[in-house]
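What follows is a single structure, written as structure tokens, with notes after it.
These numbers were taken from a predicted model, which means no experiment stands behind them. Below, read A as the first sequence line, B as the second, and so on, with proteins coming before strands; counting in each chain starts at 1.
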Amino acid sequence: MEAKIVLGVIGADCHSVGNKILDYAFSQEGFKVTNIGVLSSQEEFINAAIETNANMIVVSSLYGHGELDCRGFKEKCIEAGLEDVKLYVGGNLVVGKQEWEPVEQRFKEMGFDRVYPPGTKPEVTIRHIREDLGIEDLGEQYEMRSIS
Amino acid sequence: MEAKIVLGVIGADCHSVGNKILDYAFSQEGFKVTNIGVLSSQEEFINAAIETNANMIVVSSLYGHGELDCRGFKEKCIEAGLEDVKLYVGGNLVVGKQEWEPVEQRFKEMGFDRVYPPGTKPEVTIRHIREDLGIEDLGEQYEMRSIS
Amino acid sequence: MELKNKKWSEERFLEERKKVLGQWKTGEDVNLEDAVEYLKSLPEHKNFAKRLIDAKRNNKTLLQPRAGVALLEEHIELLKYLQDEGGADLLPSTIDSYTRQNRYEEGEKGIEESKKAGRSMLNGFPAVNHGVSGCRQVLESVHIPLQARHGTPDARLLSEIIHASGWTSNEGGGISYNIPYAKSVTLEQTLLDWQYCDRLAGYYQERGIDINREPFGPLTGTLVPPSISNTIAIIEGLLAAEQGVKHITLGYGQCGNLTQDVAAIKALEEQANEYFKEYGYDVELTTVLHQWMGGFPEDESKAFAVISWGAATAALAGATKVIVKTPHEAIGIPTKEANAQGMKATKQMLSLLREQNMENSKGVADEIQLIKKEVKCLIDNVLKVGEGDLAVGTVRAFKNGMLDIPFAPSIHNAGKILPARDVNGAVRYLSYGNLPISDELKEINNKLLDIRAKNENREVSFQMVVDDIFAVSAGKLVGNSN
Amino acid sequence: MELKNKKWSEERFLEERKKVLGQWKTGEDVNLEDAVEYLKSLPEHKNFAKRLIDAKRNNKTLLQPRAGVALLEEHIELLKYLQDEGGADLLPSTIDSYTRQNRYEEGEKGIEESKKAGRSMLNGFPAVNHGVSGCRQVLESVHIPLQARHGTPDARLLSEIIHASGWTSNEGGGISYNIPYAKSVTLEQTLLDWQYCDRLAGYYQERGIDINREPFGPLTGTLVPPSISNTIAIIEGLLAAEQGVKHITLGYGQCGNLTQDVAAIKALEEQANEYFKEYGYDVELTTVLHQWMGGFPEDESKAFAVISWGAATAALAGATKVIVKTPHEAIGIPTKEANAQGMKATKQMLSLLREQNMENSKGVADEIQLIKKEVKCLIDNVLKVGEGDLAVGTVRAFKNGMLDIPFAPSIHNAGKILPARDVNGAVRYLSYGNLPISDELKEINNKLLDIRAKNENREVSFQMVVDDIFAVSAGKLVGNSN
């Protein structure tokens, strides 16, 4: 199976560093990435997923309003016929200091398959993508290459 | 009236910086200072006061055991016939963080005429010495002079 | 309207102004004559520009926090706390995200909801919604100068309202409040809109009122090579000066390597003054260092160390102002107490280091030269592709990646350059994209990264960039395995 | 016994030893053969000397707190917390004041009262009272090396007990644990007593067990000119080496001016190694920087800044170890949580600055030369008045004020020199007393203070000293009116 991922930052959030890093890391890994960038709405994620026949949507949220922005996302996906598309979300998902487990739990109940705290390294997410989509690790072939 | 001061650090305390500063500042001011230094017992203060016919004892304590070390000091002074000798105390008088007013109150009840928190500048104490002993400020004459 | 780096005529400005004031109902309360009178009536100690000049003359670094909440009373209470308890020298009003997107209707809702909830439902102070009367109330409740800090591509109405309210400084610029803050707004548009903001400041300046303008220095705040941020700062400074701005603060976000950070501030000041002189602008230039803009440790003790390092850097660099982080940085919007804590730590460090500098450092001197040479390559080229026009050149240079900001969200940014740290933690170019940096300078950069690669026994690669970005959450500067 | 700087014969040492072990009942449990075996059985990662060498090789700065309480269990709990939660690389046991004065009877009472009170009634760990079995229990409860830190003029029995318990480092020296810590004990006595402690370390060293010795660098901790503290440190290092010590850590207390502090550590390391080489001692030298030893601000945020500045200085100086203060410093003995907070802030700063140094600074290079020249004047003279004997010369030099420590309590210290800060906050000589510093060097010093006087529009005077001492509680380094 091939990973076809829609990647973006949801809501009124313009944090772009992590988005660029994930784009690069996923692409290097051989995944097919459609990056819709920052300031993206739920609809934009869903439209991009339909257009590219994606099997995964990876949502970032860094400005603390992630919970509000992600509400109803799974339901919209189902309505659009994307019930089998895997949903990942990660970043600073809530405002202020909160325990991680309840946050993860809330997002799982909202229909997200994987939920990541801030500072998660790309390799962790990549491993999960392989597991969840049943993609073999081709090892050496896709190691990070020099680009300088 | 002339100020004849016995100066020292009480108890098992070897903090000497403030002691040296007070010695210098008092002497510059024209006060007669007998500095018995660090690690001094109540008895040593009292003996020095008797020997020098002092009218003031200035006690420092920087290591937190001041309360213990100063207990009964006033009584011992009275026994030794020094009931009119003014008693000042200052420094880090107690262990740990405590409100200042109760600390001051406790030391006043122990018979000290003036009680100073850490970081008190010498000029404050000098003003009080003048007030309490009725010594005129000779002004310019006793200003700090260059010693280099 | 055609974009040119040329001072707007007063007619053009006033013509444009009519449309601007119509953007939201509070616009109609802005009256320039009344504003001039109001600004003239204010005491000197509430003037941002004057306070900065005074600090510069006395070789002092001023303290400014970030802060803003939805409701007027709460906002005033917050600012007074930061002034009285935190010891701020200059006050901010951080503007909320709706206002930054000109979505004033939603700002209005945010205010209502905040009243109901009893706490701020907006991440800043919606100055446009509160209008001139509200903003003047803020100013009159404090006794130090006020600045709007935001991230607004089109800040024309906001600027009108804050200046008419006696706020004598405005942060932002056509590049620095677009490329790092917007996705698809064109540079032509934001450069024009910020010419308007600068022209407004110039309008007041012509009437004897000192207004301070501060381009946003740190850009994306992550591994931005100093020559990139200095170039943008100097361009925005020149664009502002052309519109009649006379009080400019240029900024820089701490990268973490002391030598490079001190050099960057020094180079910025020297080189900006050289350009102002070359183009005949009479500008009072001051500088600002932003404490570490990257990821912060969650642990508050560790956060204090990061804050203190930023404070030390500001002091040793001799920055006129430092923007302060808080020990809550990692977890979001800080309490006012945490905000004051960051300020107290910073103030302590500033006073401790008041008498110290890095003037005897050869490393700093060399780095200043390197940064200035790189900046010269970039600005010379902007003028070349702009056929002598700095504004036109800026648009064209971004279009073809000859200006490029790492990790920026805008689709109008090429995003082809990549930064990485060298073996001492200074930020270098790993990939130049289409930047017109000379081969000689590239060689210096490349050598520095080669040393690191050799040290770490690996190739110079994108993995280094990733490692450097993740390094600071692990408490380190360089993403190596030591 | 006559004082000479000459290695004690094993016979003399063992003869003296009998008396030492009789000082308190726990002395009889110290058995050298058993101790050698025990020390040999310990894993390498519990050896203080090995850990320091490893850090030096890897260019790392290690973290060590101060801590000690009366009761065994509580002390172990405290150390484990600092190890696990604070991230200590090396552990201390700070010894209580009674033990420092050899008043073991009162230590015993302190332990009893602490048990009754349920909290420590002593300001440290009474190691002699707890004896070898107790001290071994401490070592066996942690997984990093242990050092005794105290301030004991006669530490012979204490040293016997801690080393036999596997504590592989001992702080102190015949000068540094007398002049700043005692009132009337003679230098002859403490130099002899510390020769004993050094000879004990040498005894173990001869049997292949690395024992680290650390003279107490900061002395009175207040405005000590670096050339004074470096001179004492080097003398104590040489005295220890003569007795067979091979692992020596020389220390310095942060003065606050970065250039001078970095230079002081560098000068100390260079010059000590030069002297060790000159006298043919084969010593593994490491360095330690003590974070700010003067008055601390009461406010914890401000205290964090002071701590962080010490950490930054240690990192930039490349010290092998840093002794950490806590945000409770101003208010007395810290809680274990506050202790860990100071360590976390320090560790964060150390990792951030891991890759940075001040190698390119001309200011540092000049300052190194100045310090080394002053130190050479002082040590050359000690050898001269000692007719070639360093120990004898030390006693004589102190007697006539040719060695002199500012603000020290000992009646055997002349107390004639006065330090003050120059215009950059570096500590200089305001009054030389009888120090045999060359006229050339005096002129450099005088000029630096003259600049300050001119700047502040007043005479160079004692008032400057007073102002400098009070400056830091006001958050400043230099006692000026700016």
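Asp468(C) and Arg452(C) are joined by a salt bridge, as a carboxylate oxygen and a charged side-chain nitrogen come within less than 4.0 angstrom of each other. Salt-bridge formation is not detected for the pair Arg119(C)/Glu74(C): no Lys NZ or Arg NE/NH1/NH2 atom is positioned less than 4.0 Å from an Asp or Glu carboxylate oxygen.
Annotation: His150(C) is in aromatic contact with Tyr177(C) [ring centroid separation under 6.0 Å].
Looking only at heavy-atom pairs under 4.5 Å with chain C, the residue among Gly37(A), Ser40(A), Cys14(A) that has the most is Cys14(A).
Contacts between Ala420(C) and chain A at a heavy-atom distance below 4.5 Å are absent for every atom of the residue. In this structure, chain A has a heavy atom under 4.5 Å from the backbone of Pro180(C), while its side chain stays farther away. Contacts of Ala453(C) with chain A are absent, with no heavy-atom separation under 4.5 Å from either backbone or side chain.
Between His290(C) and Phe216(C), the ring planes are perpendicular. Angles over 60° get that label, and only those under 30° would be called parallel.
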